Amino acid sequence: MAKRLTLTLTSEQRRELEHTRDHHKKAYMRERASAMLKIVNGQSARQVARQSLLKERDPDTIYAWFHAYEAEGLKGLQIKGGRGRKPAFSPSP
């Protein structure tokens with residue numbers, strides 16, 4: 001059986017995640033912060049993915065968010081620039 005993800009936060013990190021969950025302008029950041037707080041409160045990543053968010057997610061998605069948060073903090077939860085489809089045509093300046 002796989003090892004359960006655990007996350008220990010300082011009071012400042014917890015406040016930062018709670019503030020993000022409650023007030024961030026981007027919905028995806030609110031969702032990701034909520035997922036991290038649920039893991040901190042003892043839920044498994046699989047349970048969070050399947051039952052605890054508004055939309056069901058693949059557990060691997062939650063694992064990726066978790067490891068990004070562990071590595072970079074709140075910045076790790078943000079979508080990185082340069083993702084997505086590149087323009088087919090770019091007019092010259």
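Computed from a predicted model, the values in this text were never measured in an experiment.
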Stepwise side-chain contact (heavy atoms from CB on, under 4.5 Å) check, Met36 with Leu77: CA-CA 10 Å; Met36 293 305 102; Leu77 297 179; 4.2 Å; yes
Could you measure the distance from the CG atom of Leu17 to the CE atom of Met29? Nearest 0.5 Å is fine. 8.5 Å
Heavy-atom donor-acceptor pair, Arg30 side chain to His24 backbone, under 3.5 Å: yes
Minimum heavy-atom separation for Lys38 and Val48, please, with both atom names. CB-CG2, 3.7 Å
So how far is it from Thr10 OG1 to Glu16 CD, rounded to the nearest 0.5 Å? 8.5 Å
If I compare all heavy atoms of Gly76 with all of Ala68, which pair ends up nearest, and what's the gap? O-CB, 3.3 Å
When every non-hydrogen atom of Phe66 is compared with those of Leu7, the smallest separation belongs to CE1-CB, 3.7 Å
Applying salt bridge (Lys or Arg N to Asp or Glu O under 4.0 Å) to Glu18 and not counting sequence neighbours gives Arg14
The complete set of side chain to side chain donor-acceptor pair (under 3.5 Å) pairs with one or both residues in residues 44-60, sequence neighbours excluded, reads Glu31-Arg57, Gln43-Ser52, Arg50-Glu56
I need the minimum non-hydrogen distance between Leu74 and Tyr69, along with the two atoms involved. N-CE1, 3.5 Å
Could you measure the distance from the CD atom of Gln78 to the NZ atom of Lys80? Nearest 0.5 Å is fine. 7.0 Å
Please collect all salt bridge (Lys or Arg N to Asp or Glu O under 4.0 Å) contacts where either partner lies in residues 66-77, sequence neighbours excluded, each pair once. none
